[in-house]
Novice: 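Structure incoming, see below.
In what follows, every chain begins at residue 1, and chains take the letters A, B, ... in the order their sequences are listed. Keep in mind that what you see is a predicted model, and the values were worked out from it rather than measured.
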Amino acid sequence: MKKDLVIIGGGPAGLAAAIGAYDKGVRDILILEREPVLGGILNQCIHNGFGLHTFKEELTGPEYAHRYVKEVLARGIEYKLSTTVIDVTPDRQVFAVGEEGLLHLQAGAIILACGCRERPRGAINIAGARCAGVFSAGTAQKLVNMEGYMPGKEVVILGSGDIGLIMARRMTFEGAKVKAVVELMPYSSGLNRNIVQCLNDFDIPLLFSHTVVEIKGKDRVSSVVIAPVDGKLQPIMDQAQEISCDCLLLSVGLLPENELAKQAKVTLSPVTGGAEVDDSMMTAVEGVFECGNVLHVHDLVDFVSQESLHAGECAAAYLAGKRPTADKVRVGTFGGVRYTVPTLLNREDDGESLSFKMRVNNVYRKVRLKVMADGEEVLGKNKQIVTPGEMETLTLSPEQSAKLRGAKEVSVGLEVRA
Amino acid sequence: MKREMICICCPMGCRMTVEGEPGAYTVTGNTCPRGKAYAIAEMTAPERMVTSSVAVVGGNYKTVSVKTASPIPKGKIFEALRLLDGVVLTAPVKEGQTVVEDILGTGVAFVATREVSVAR
Ligand SMILES: Cc1cc2nc3c(=O)[nH]c(=O)nc-3n(C[C@H](O)[C@H](O)[C@H](O)COP(=O)(O)OP(=O)(O)OC[C@H]3O[C@@H](n4cnc5c(N)ncnc54)[C@H](O)[C@@H]3O)c2cc1C
Ligand code: SF4
């Protein structure tokens, strides 16, 4: 079967991409979603805090997702649920397995919007018994919010990422005692508002520069041993202490879900784990686009929706005949900027404004974020503080964007102000 | 009196400083007026939105997520949550449907935040 546009993933990224493409004239669209419902990870994020940027009101995850689902339904965009894509080829064939068996599609363009998954326990090294009671924070979130099942009564959380913080409050609400959140780094990768609302409000201690060194217990976790770490992140064992608990939640990071991208021979960024894309969100494989958490992990769903709407519009432009330029400007980074999206710029000036999303590698105060072209500052923005947990955005005017597209060398970075 | 706080009204998380006396606070560090309003409210009468979930029978989900239709006093969070204990809804549930009316005399209701349809 032929399809103009196949979108893989029906989370906020896939939904916004579909709307973006439809509104630019694409009609032959198919969204493929592995789960039996649209909405992605938002279905289990029942807390509020979504959508303030887009809707100027604070929605819960399911409510935010539903707004986009309604928009997709109103446009009559086709979707298939309980359908898992198993292969994508560089010439844009898509193979999926669903209720009707194997599905084989030839797509004009593909948007990868598969989101991310949690770093599993194997990815971090903790000694000790392989007993029950150790969950990733996201799995615990699904159990509590979707199944009504409580994973434990006395909880320790490793990692202060947003899911861990949200779950500290959620478990507290359900009557559990959260004894500590233990963070390896001297800062949190979670949003400040979650530290305030999920920990401080309930006097849950957040131990920076600490880690879990051992899990104890026979059939079920009975305690964990935690210890502070030195400057090289090595545990200081003579200061170790044991905390009794029946549940350990791991919130140690998210990884973009890029198995399909690899199969399609898309070039991945070693920094983000997502694809390298140009300013039209196109990957190194022509006609294959990527957006949302599969591209880089976002903390705000509003930015996922914005980015994905843009990806959908760009896919529409591609289907209408617009092609990437053969020569592209590569965007470098300097200072404490760890990565930017996009990393490549098309040469052709389309009169549109460029915007860069970025993350920094440490906490910096009094900084200037800069976009440089051939040694000259094209745009700068002063910030009181930047942290690894919060994505920063720099948006250029169409004139500034044209300057970048014509430049030999472009870089985005950070300078600490005197 | 001087207090440092982080605005929780939106994920920007602006760092603010509140100085002065009740009725005459000055707020700095906020990006938008919501931040100022929050800072003053936090000094006088802190409020929180509360989200949780309750059981559903006969639906395509086992639970339905709920929220307070607007923020309630911070000191009432746990008492409010207790009102949800033992609540079992029967599918279908509509988004926005009242689950518990008038939480502890606040005039605020718990409402459903997702639709649950009858299981096929
Ligand atoms: C616990 C948690 C708390 C958060 N809190 C906030 C918050 O308070 N405020 C905020 O603004 N943002 C928050 N976020 C961020 C926001 O939810 C995410 O950024 C957003 O959901 C990402 O959207 P996505 O579509 O890229 O990914 P997802 O929502 O993960 O959607 C990806 C979809 O792709 C599907 N899929 C994957 N692989 C395949 C395949 N092979 N075939 C078919 N389908 C596939 C998946 O089933 C899924 O439905 C939170 C995220 C999490 C995890
Ligand atoms: S002051 Fe405004 S922008 Fe800053 S966190 Fe509060 S609501 Fe958000």
Novice: Does any heavy atom of chain B fall under 4.5 Å from the side chain of A/I195, the backbone, both, or neither of them?
Specialist: neither

Novice: Does any backbone or side-chain atom of A/F202 lie under 4.5 Å from a heavy atom of chain B? Answer side chain, backbone, both or neither.
Specialist: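 Just its side chain gets close to chain B.
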
Novice: With respect to chain B, which residue among A/R170, A/R169, A/E174 yields the maximal number of heavy-atom pairs within a distance under 4.5 Å?
Specialist: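 The answer is A/R170.
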
Novice: If you compare all heavy atoms of B/T51 against all heavy atoms of A/H47, which two are closest, and at what distance to 0.1 Å?
Specialist: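 Looking at all heavy atoms of both residues, the closest pair is OG1-CA, 3.4 Å.
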
Novice: For atom NZ of A/K357, decide whether the heavy atoms of other residues, nucleotides or ligands shown that lie under 6.0 angstrom number more than 12.
Specialist: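 More than 12 heavy atoms, drawn from other residues, nucleotides or ligands, come within 6.0 Å of this atom.
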
Novice: Show me the donor-acceptor pairs within less than 3.5 Å that the side chains of residues 74-98 of chain B make with the rest of the protein, sequence neighbours left out.
Specialist:
unit_1: B/K74; atom_1: NZ; unit_2: A/D201; atom_2: OD1; d: 3.4
unit_1: B/E95; atom_1: OE1; unit_2: A/H66; atom_2: ND1; d: 2.6
unit_1: B/Q97; atom_1: OE1; unit_2: B/K94; atom_2: N; d: 2.9

Novice: Would you compute the distance between atom CG of A/L191 and atom CD1 of B/I6 and round it to the nearest 0.5 angstrom?
Specialist: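 Atom-to-atom, A/L191:CG and B/I6:CD1 are 11.0 Å apart.
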
Novice: Which atoms form the tightest heavy-atom contact between A/R193 and B/C7, and what is the distance?
Specialist: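 Nearest pair, atom of A/R193 first, then B/C7: CB-O, 4.4 Å.
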
Novice: Is the CZ atom of B/R3 crowded by more than 12 outside heavy atoms at less than 6.0 Å?
Specialist: yes

Novice: Under 6.0 Å from the NZ atom of A/K381, do we count more than 12 heavy atoms belonging to anything else shown?
Specialist: yes

Novice: Check this for me: B/E101, atom CD, are more than 12 non-hydrogen atoms of other residues, nucleotides or ligands nearer than 6.0 Å?
Specialist: no

Novice: For A/Y79, enumerate each residue passing the ring pair (Phe, Tyr, Trp, His ring centres under 6.0 Å) test, keeping only those at least two apart in sequence or located in another chain.
Specialist: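 Partners of A/Y79 under the ring pair (Phe, Tyr, Trp, His ring centres under 6.0 Å) test: none.
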
Novice: Could you check if a side-chain atom of B/R114 sits within less than 4.5 angstrom of a side-chain atom of A/N43, using non-hydrogen atoms only?
Specialist: yes

Novice: Could you list the residues that satisfy ring pair (Phe, Tyr, Trp, His ring centres under 6.0 Å) with A/H296, not counting sequence neighbours?
Specialist: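 Only A/H298, A/Y339 meet the ring pair (Phe, Tyr, Trp, His ring centres under 6.0 Å) criterion with A/H296.
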
Novice: Locate the shortest heavy-atom distance separating B/K67 from A/E58; write the atom from each residue and the value.
Specialist: NZ-O, 4.4 Å

Novice: Is A/N192 close to B/R15 at the side-chain level, that is, under 4.5 Å between some pair of heavy atoms?
Specialist: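 Side-chain contact under 4.5 Å: yes.
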
Novice: Taking non-hydrogen atoms and a cut-off under 4.5 angstrom, which of residues 140-150 of chain A neighbour chain B?
Specialist: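 If one takes a 4.5 Å heavy-atom cut-off, the residues of residues 140-150 of chain A near chain B are A/V144, A/N145, A/M146, A/E147, A/G148.
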
Novice: For a 4.5 angstrom cut-off between non-hydrogen side-chain atoms, does B/E115 reach A/P62?
Specialist: no

Novice: Between A/V196, A/N48, A/L59, which residue shows the highest count of heavy-atom pairs closer than 4.5 Å to chain B?
Specialist: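 Maximum pair count with chain B is reached by A/N48.
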
